[in-house]
Structures are given as C-alpha cells and as structure tokens.
Asker: 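Take a look at the following structure, please.
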Amino acid sequence: MSIDAKFRKLGTDNAPGQETRQNAAGTEALLRGDPLEGRKVDFSHGDVDAHEPTPGAFELFSAGVSTGGAQAYTEYRGDLGIREELAPRIAGFTGAPVDAKDGLIITPGTQGALFLAIAATVGRGDKVAIVQPDYFANRKLVEFFEGEMLPVQMDYVNADDRSAGLDLDGLEAAFRAGAKTFLFSNPNNPAGVVYSADEIRQIAALAGQYGVTVIADQLYSRLRYSGATYTHLRAADIDPENVVTIMGPSKTESLSGYRLGVAFGSKTMIARMEKLQAIVSLRAPGYSQAVLRGWFAEPDGWMDERIRRHQEIRDHLLSALRAVDGVFARTPQAGSYLFPSLPDLAVSYADFVKILRLQANVIVTPGTEFSPHTASSVRLNFSQDHDAALAAVERMAALTERYRA
C-alpha cells in the first residue's frame, strides 16, 4: 500500500470537531424548504460545558503545574506515584490485579492508548478480528498498519436486551482463520450495548484456545444505566498475558480536554507501548497526569447523579426518535451514544448528514464510520445540555419527515 493510499483511508471529515471541513458542495440543490432555527448541537462529541469535569480537577492540574519539572517530565509511562494510586482503584473496579510499576501506562487520551496497543500487536499482513459496528478508529488503525481485517458481526438489532449480539461462531471462525488480535469496545461504541457475562466468558475462552491477544476498549464502563450488568474481560478467567484494557476519564467524567487515558495489561505489552510512546509523544501531558489523582475518587453520589442525568436525556431523546415512523433505536445500556437507523429517504444518508448541519444546525456522525452495513444509521453523543439536545433531535425528526422517500 502506498503512503498516499494509507492516508486516504484516514479521512477525518466526520471526526469530532471537524464538521467545518465537510464538503457540502452540491448539497444545496437537494435542499427542501427553509432552515429550522435552533441552537447548534454537535452530537459528534459530548458537551463538557453541559456536564462539567469532576470536582477538583482544575485544582489537581494546578498542583501539577506548581510541582514543576518533576511533574512535567515523568517517566514515559507516566508518574509512578500516580500509577501507584490508580492501580488498586482500577483493580477494584475491574476485578483483577494491576501492576502499577510494569503493567500500567498513562497515555495522551484513550485514543493514544488505542494507537499504542494496536501498534504493539499488529504488523503488515497480520490478521485482526474486528467487530462491526465498532469504534471507527479500530478499522482505520488496522488498515494503517497494513493488517488484514476479519469482520465479526454484532447483531445488536435482533439480540435480546441482555446481550450485545456478537456472532461468537463468526469470532471463532476468524480465530481459526489466523486472527491473533481481537479488537472490541464494551460498552459498544456506537450502539451502547453491553456484552453479556456469557459473551465475555466465551471471548475469554476462545482467546485462550487460539492464543489471541484481546484489546478491550472499556472507556464507558463506568456510565452504566439501571438494569445493566457488566463483566470485565480481565476478570473472566482470561490469561492476563492475552488482554490489554483501555480506560480513561475523558467521557463519563468530562475530562477530555486534559487528554488522559490509561492502558493496563502484561509487562511485555506495556513495555512495547511505552517504547512507542517515547517516540510518538514522549508521555501523556505531564501536568494533566496529576488530574488522575481524583479519578475513581469522586465525591460520594457524584457518579450516581452523572448517570441519572444522562439516563434522563437518553430516555427523552429515544422517545422523540421513536415517534418517527420507520426509526429504530435500541436502548443503550451504557455510555452516551444513540445509534438510530433512519427510514428510506429521498436523498442519500451521507447527504442527509450534511443537510442536518445546513438546515437544522445539528451535527451527527454517519453510520458508515462504524461499519459498511450501517449506512442508514447515525451516531449521536447525548452527553449534551438536555433541552438543547431534545430540541435538536426534534429538528432532526422534522427533517426526516421532510426528506422521507
């Protein structure tokens, strides 16, 4: 693959905050009726003004700045003292030990952790099992490192509400075909579904049977709604050498601006990731690392209130979407994403995404970012101001009717 071809596959027009770079040329001829007035809502990412960062975050950052060089120039894998604070908290949350010294790395966001983990496991021609739909960067990074993707379908539409709907036979077939890495997010981004305990146990068993390294993106695993149960892969009798877990405080805790993520796993994997981080970015932002001292140490009741507010927004947006004939939207069990599928339209779904921005001041992410077979879907991050988000979805519903086939 040429270097030009590599970078063509890394399109960022639909990445959060990049909507102004979208090419809307030709869309004007498709427009029907007048624009719908309303406050701009960017559903491509959460609104940290509507949901403020965890209490004390800035004070911890300021303390890091005051510390000076010792905090600015940490080990490449992050400040050891902070890692020693985090390790028991993460271990308690995920149900398996975390080695602060050799098994944990702090990264520039969870996106940085994902890049490092994939780079540490995937080379040219390596086969990688990848869920469809799943986080858009998974596919792009495998392509960039010239791995071969073996798609595994997740039928979240027809699965019962206690499972994600992963095709476990398809997963085993991918492992038999030579996949030595498996990437997945739990809760799933974009559908918001949570893998059942049985699905997680079978993933662990198959990974052990075929010697597969699993990269588990658990970014939203703290933001779980009433009735949802969660099983951490690393606590599901999987060989600790075979799993890397990625988490971070950017989403649920609204700390995305600090650019912090963590990955934890085997000594070998973390060492590889650190070597690459030393070349790519040296370390996670030194002063920002200090903010992690407050992670998993929020005031009593803070997380419960954060979940309650998000669940209320989720439920109201779902009601508005489901009022539109032909829209399907499964109820997310965790995370802050809705992934509704739209009815047949008189324009392409790609053009409708542009029309939403031009005529309704609403920005969504097209479903094709997550899987080729979800073109009729769009992803909405509902971590927004409640009233603004509901008004935006109502405008989206109105345009869906206006452009119905």
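Only a predicted model underlies this, so the values are computations on that prediction, with no experimental measurement involved. Values below: every heavy atom of this structure, side chains too, minus hydrogens, waters and symmetry copies.
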Asker: State the CZ-CG distance between R330 and N188, to the nearest 0.5 angstrom.
Answerer: 9.5 Å
Asker: Determine whether the aromatic ring centres of residues Y349 and Y403 are separated by less than 6.0 angstrom.
Answerer: no
Asker: Passes salt bridge (charged side-chain N to carboxylate O under 4.0 Å, His left out), R222 versus E298? Steps please.
Answerer: CA-CA 12 Å; R222 297 186 77 191; E298 299 86 4; 3.0 Å; yes
Asker: Using 0.5 Å steps for rounding, measure from the CD1 atom of I270 to the CZ atom of R77.
Answerer: 7.0 Å
Asker: Is it the case that the side chains of S196 and D198 hold a donor-acceptor pair, with the cut-off being a distance below 3.5 Å and no angle test?
Answerer: no
Asker: Do T365 and P190 have side chains that get closer than 4.5 Å, going by heavy atoms?
Answerer: no
Asker: L233 versus V214: any side-chain heavy-atom pair under 4.5 Å?
Answerer: yes
Asker: Could you give the distance from CD (E394) to NE2 (H316), rounded to the nearest 0.5 Å?
Answerer: 11.0 Å
Asker: Would you sort out whether V324 and R404 count as a side chain to side chain contact (heavy atoms under 4.5 Å, CB included), showing the intermediate values?
Answerer: CA-CA 11 Å; V324 180; R404 186 183 292 275; 3.6 Å; yes
Asker: Salt bridge between E312 and R309, side-chain N to carboxylate O under 4.0 Å?
Answerer: no
Asker: Could you check whether any side-chain N or O of R124 sits under 3.5 Å from a backbone N or O of E146, counting only pairs where one atom can act as donor and the other as acceptor?
Answerer: no
Asker: List the atom of P372, the atom of Q132, and the distance in Å for their closest heavy-atom pair.
Answerer: CD-NE2, 3.4 Å
Asker: Will you find, in the side chains of N361 and R395, an N or O donor that is under 3.5 Å from an N or O acceptor?
Answerer: no
Asker: What's the verdict on salt bridge (charged side-chain N to carboxylate O under 4.0 Å, His left out) for R308 and E305, showing C-alpha distance, side-chain angles and the deciding distance?
Answerer: CA-CA 5 Å; R308 185 199 66 77; E305 177 61 14; 2.8 Å; yes
Asker: Strictly distance-based, threshold 3.5 Å: is any side-chain N or O of E199 a donor or acceptor partner for the main-chain N or O of A164?
Answerer: yes
Asker: Distance-only, no hydrogens or angles: does the R89 side chain make a donor-acceptor pair with backbone N or O of F296 under 3.5 Å?
Answerer: no
Asker: Between the main-chain N or O of R402 and the side-chain N or O of R32, is there a donor-acceptor pair closer than 3.5 Å?
Answerer: yes
Asker: Could you go through N186 and D217, starting from their C-alpha distance and side-chain angles, then the distance that decides it, and tell me whether this counts as side chain to side chain contact (heavy atoms under 4.5 Å, CB included)?
Answerer: CA-CA 6 Å; N186 185 28; D217 176 355; over 6 Å; no
Asker: Assess, by modelled atom type and distance only, whether the side chains of N242 and T213 contain a donor and an acceptor separated by less than 3.5 Å.
Answerer: no
Asker: Taking atom OG1 of T110 and atom OH of Y220, what is their separation to the nearest 0.5 Å?
Answerer: 8.5 Å
Asker: Is a side-chain N or O of T54 found less than 3.5 angstrom from the main chain of E253, in a donor-acceptor match?
Answerer: no
Asker: Could you tell me whether the side chains of T331 and R322 share a donor-acceptor contact shorter than 3.5 Å?
Answerer: yes
Asker: Could you check whether any side-chain N or O of Q384 sits under 3.5 Å from a backbone N or O of D42, counting only pairs where one atom can act as donor and the other as acceptor?
Answerer: yes
Asker: Under 4.5 Å between any side-chain heavy atoms of M154 and V193, yes or no?
Answerer: yes
Asker: Does the ring centre of F93 sit less than 6.0 Å away from the ring centre of H232?
Answerer: yes
Asker: Give a yes or no on whether the backbone of S163 and the side-chain of D160 come within a donor-acceptor separation of less than 3.5 Å.
Answerer: yes
Asker: Between the side chains of R83 and E75, is the shortest nitrogen-to-carboxylate-oxygen separation below 4.0 Å, so that they form an ion pair?
Answerer: yes
Asker: For residues L80 and A100, report the shortest heavy-atom separation together with the two atoms involved.
Answerer: CD1-O, 4.4 Å
Asker: Check for a donor-acceptor pair, side chain of K127 on one end and backbone N or O of G147 on the other, with a separation under 3.5 Å.
Answerer: no
Asker: Which pair of heavy atoms, one from L60 and one from V291, lies closest together, and at what distance?
Answerer: CD1-O, 3.7 Å
Asker: Step through the shown structure and confirm whether more than 12 heavy atoms of other residues, nucleotides or ligands are within 6.0 Å of CZ on F328.
Answerer: yes
Asker: Is E52 atom CD crowded by more than 12 heavy atoms from other residues, nucleotides or ligands, each under 6.0 Å away?
Answerer: no
Asker: What is the distance from atom NZ of K180 to atom CZ of F175, rounded to the nearest 0.5 Å?
Answerer: 9.5 Å
Asker: Would you call the rings of Y156 and F339 parallel, tilted or perpendicular, where under 30° means parallel and over 60° means perpendicular?
Answerer: tilted
Asker: Any heavy-atom pair between the side chains of Q71 and V65 that's under 4.5 Å?
Answerer: no
Asker: Under 6.0 Å between ring centres: does that hold for F182 and F184?
Answerer: yes
Asker: Determine, for Y225 and R314, whether the Lys NZ or Arg CZ falls below 6.0 Å from the six-membered ring centre while staying within 45 degrees of the axis.
Answerer: yes
Asker: Under the 3.5 angstrom rule, does the side chain of R306 hit a backbone N or O of T252 as a donor-acceptor pair?
Answerer: yes
Asker: Indicate the atoms forming the closest heavy-atom contact of V244 with A117, along with that distance.
Answerer: CG1-CB, 4.4 Å
Asker: Where do F370 and R139 come nearest, in terms of heavy atoms and distance?
Answerer: C-NH1, 4.0 Å
Asker: Does V353 form a side chain to side chain contact (heavy atoms under 4.5 Å, CB included) with V378? I'd like the steps, not just the answer.
Answerer: CA-CA 8 Å; V353 168; V378 292; 4.0 Å; yes
Asker: Any chance you could measure S185, atom OG, to I215, atom CD1, to the nearest 0.5 Å?
Answerer: 12.5 Å
Asker: Compute whether any side-chain donor of one residue and acceptor of the other, for T74 and Q289, lie under 3.5 angstrom apart.
Answerer: yes
Asker: Is the Y195 to Y230 ring centre distance short of 6.0 Å?
Answerer: no
Asker: Can you check whether V152 reaches L166 side chain to side chain, under 4.5 Å on heavy atoms?
Answerer: yes
Asker: Taking atom CG of D155 as the centre, report whether more than 12 heavy atoms of other residues, nucleotides or ligands fall under 6.0 Å from it.
Answerer: yes
Asker: So does E369 pair up with K140, basic N to acidic O under 4.0 Å?
Answerer: yes
Asker: Using the ring centroid of each side chain, check whether Y258 and Y287 are separated by less than 6.0 Å.
Answerer: no
Asker: Under a 4.5 Å cut-off applied to non-hydrogen side-chain atoms, are L150 and V128 in contact?
Answerer: no
Asker: Does either side chain, that of Q311 or that of S226, offer a donor lying less than 3.5 Å from an acceptor on the other one?
Answerer: yes
Asker: With a 4.5 Å cut-off on side-chain heavy atoms, are I363 and L356 touching?
Answerer: no
Asker: Treating S288 as the side-chain partner and A284 as the backbone partner, does any N or O pair qualify as donor plus acceptor under 3.5 Å?
Answerer: no
Asker: Please find out if less than 6.0 Å separates the ring center of F43 from that of F382.
Answerer: no
Asker: Report the C-alpha separation of L380 and Y337 in whole Å, then their side-chain angles, then the decisive distance to 0.1 Å, and conclude whether the side chain to side chain contact (heavy atoms under 4.5 Å, CB included) test is met.
Answerer: CA-CA 5 Å; L380 292 75; Y337 293 116; over 6 Å; no
Asker: Are any non-hydrogen side-chain atoms of V280 and K275 less than 4.5 angstrom apart?
Answerer: no
Asker: Search all heavy atoms of A120 against all heavy atoms of M273 and return the closest pair with its distance.
Answerer: CB-CG, 4.1 Å
